[in-house]
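Okay, structure first, notes after.
Letters go in sequence order (proteins before strands), and every chain restarts at 1. Quick caveat, the model's predicted, so the values are computed rather than measured.
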There are 2 protein chains.
Amino acid sequence: MDNVSEMPSGASSSRIYETLRKDLVRGRFVAGEKLAINALKAHYDVGLSPLREALNKLAAYGLLVQENQRGFSVPRLSREELEDIAHLRLELEGMAFERAVERGDDRWEASLLAAAHRLKRADKTVDKGDVWEQLHTQFHRTLVAPCGSVWLIRFIEQLHDQFDRYRRLGPNPPLIRQALDDQHHELVELALKRDAQAARALMDDHIQKSFEVALAHYQQHT
Amino acid sequence: MDNVSEMPSGASSSRIYETLRKDLVRGRFVAGEKLAINALKAHYDVGLSPLREALNKLAAYGLLVQENQRGFSVPRLSREELEDIAHLRLELEGMAFERAVERGDDRWEASLLAAAHRLKRADKTVDKGDVWEQLHTQFHRTLVAPCGSVWLIRFIEQLHDQFDRYRRLGPNPPLIRQALDDQHHELVELALKRDAQAARALMDDHIQKSFEVALAHYQQHT
DNA sequence: GCTTCGAGAATAATCGATTTTTTTATAAAA
DNA sequence: TTTTATAAAAAAATCGATTATTCTCGAAGC
């Protein structure tokens with residue numbers, strides 16, 4: 001554990017959950033590492049109870065592993081799991097986007113354009129904090145928002161967090177960002193054209209590309 | 001809250017989680033009900049900390065709703081959600097079963113036959129406890145076990161628990177059981193024949209039938 | 001040398017009590 | 001009558017301390 005976020009000031013319970021979740025996704029903890037609860041308590045400056053409740057939630061969510069009487073640890077990474085996650089993202093996000101394209105209304109079109117624009121803007125500026133990451137997450141959220149299935153969205157977000165544990169192992173240099181961002185705009189275009197088939201195909205390709213980036217990072221990392 | 005399970009004796013932490021999970025799935029709590037923590041504490045005879053940790057996990061899992069400073073409650077039911085869950089089950093379980101049929105080995109075939117047999121046996125005897133339910137869950141678990149995706153299995157089980165909140169609103173009379181159980185055996189047959197296409201089609205039909213049963217219970221119930 | 005054992009230290013889990021927040025009940029004001 | 005204000009009660013969240021379990025490391029036995 002090192003270099004983890006400062007806690008935002010304010011109420012504690014869900015705050016610590018969100019902070020930890022982000023730090024886990026960002027890779028601020030080493031995969032496989034056992035969490036020292038007292039260290040967390042000290043670092044994030046929270047009490048034991050809220051902290052443990054957050055850890056329990058994160059374990060149920062799949063960002064931590066809880067072992068019987070031996071605390072919490074960060075799940076290990078494996079190529080097999082990355083492939084599993086990417087493949088499922090392909091299936092689920094493809095399905096969701098296809099449905100979104102069929103069902104989304106004009107307000108959706110507007111929010112898509114907005115999200116894509118903001119993302120492109122962030123692309124060009126130097127990234128203070130995780131602005132690009134946040135906007136990227138928001139963009140993908142928007143893509144599938146009107147798919148009509150609350151549970152599908154839930155699973156997709158869960159998979160995104162898992163996927164990002166791999167993708168964010170390495171840097172996200174401008175060139176790769178650029179390439180992915182081009183696809184983001186194409187996705188918007190196809191959505192506006194209401195071409196569900198092509199939209200899905202491109203989504204598949206987009207996830208495939210992301211997978212390759214993440215895999216490279218993973219292999220570098222080990 | 002009424003008529004909930006007695007706690008099995010033994011260690012507390014994960015025990016209370018499992019007990020609560022089962023009681024939620026069984027419908028021992030009324031949908032929408034706010035949980036009185038002190039009452040739970042007294043009934044299950046556990047301390048506050050393990051109880052709260054279990055509730056937090058269940059909320060992350062989707063069997064409870066946690067509201068800011070006002071505790072936990074049982075999620076409401078809706079026809080829309082039931083349709084959502086059933087539809088996703090169709091997609092995910094179909095996908096998983098198809099893959100399982102392609103990838104399962106002879107040990108899988110054996111365990112399938114075993115699970116189906118045990119389920120049929122339980123069918124004929126009077127159901128003490130939830131023997132049939134347990135075996136039914138186990139059977140479906142076995143069907144998709146060799147699909148090769150840990151995350152897919154995880155989501156499917158989560159959806160099963162959600163689906164069962166609806167399906168178990170009403171009784172499960174012998175006639176319906178019989179009909180569903182016939183399909184279980186057909187599923188096994190197609191799996192042994194390695195007919196992935198037909199297997200998936202039948203799985204779709206099976207889930208559709210279950211959905212109709214669950215929907216009837218839901219409509220009766222409101 | 002290698003394994004097994006056990007005492008002490010470290011850590012996890014749990015408890016009981018306190019603090020904070022929400023809900024309820026009652027009464028005053030509009 | 002309805003709304004607003006407020007005090008008391010209830011409930012949720014959190015804290016500090018205790019208990020139970022696991023881990024560490026050195027010594028004894030094989």
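- Taken to the nearest 0.5 Å, the OG atom of Ser73(A) stands 9.0 Å off from the CD atom of Glu33(A).
- Atom CZ of Arg154(B) sits in a crowded spot, with more than 12 heavy atoms from other residues, nucleotides or ligands closer than 6.0 Å.
- Atom CG of Leu55(A) is separated from atom P of dA12(C) by 10 Å (rounded to the nearest Å).
- Comparing Lys41(A) and Arg70(B) by the nucleotide of DNA chain D that holds the closest heavy atom to each, the one mapping nearer the 5' end is Arg70(B).
- Arg79(A) forms no cation-pi arrangement with Tyr218(A), by the criterion of a distance under 6.0 Å to the ring centre and an angle within 45° of the ring axis.
- Take the nearest nucleotide of DNA chain D for Ser49(B) and for Lys34(B): the residue whose nucleotide is more 5' is Lys34(B).
- The separation between Leu51(B) atom CG and dA13(C) atom P is 16 Å, rounded to whole Å.
- Of all non-hydrogen atoms in Val74(B) and Ala31(B), the two that sit nearest each other are CG1-CA, 3.8 Å.
- Of the side-chain N and O atoms in Arg52(B), none sit less than 4.0 angstrom from OP1 or OP2 of dA12(D).
- The aromatic ring centres of His117(B) and His184(B) sit 6.0 Å or more apart.
- A distance of 6.0 Å or more separates the ring centres of His217(A) and Tyr166(A).
- Regarding Gln69(B), its CD atom lies at a distance of 6 Å from the P atom of dA13(D), rounded to whole Å.
- The CZ atom of Arg15(A) sits 16 Å away from the C1' atom of dA13(D) (whole-angstrom rounding).
- Contacts of Asn56(B) with the nucleic acid, taken as non-hydrogen atoms under 4.0 Å apart, are absent.
- As rounded to whole Å, 10 Å separates atom P of dA13(D) from atom CG of Leu48(B).
- For the pair Arg89(A) and Phe163(A), the cation sits on the ring face: its NZ or CZ lies under 6.0 Å from the ring centre, inside 45° of the axis.
- Following rounding to the nearest Å, Asn68(A) (CG) and dA20(D) (P) show an atom-to-atom distance of 16 Å.
- Helix-axis bend for the helix from dG1(C)-dC30(D) to dA30(C)-dT1(D): the local axis fitted to the five terminal pairs at one end deviates from that at the other end by 20°, rounded to 10°.
- The separation between Glu67(B) atom CD and dA12(D) atom C1' is 13 Å, rounded to whole Å.
- Atom NZ in Lys57(B) sits about 12 Å away from atom C1' in dA13(C), given to the nearest Å.
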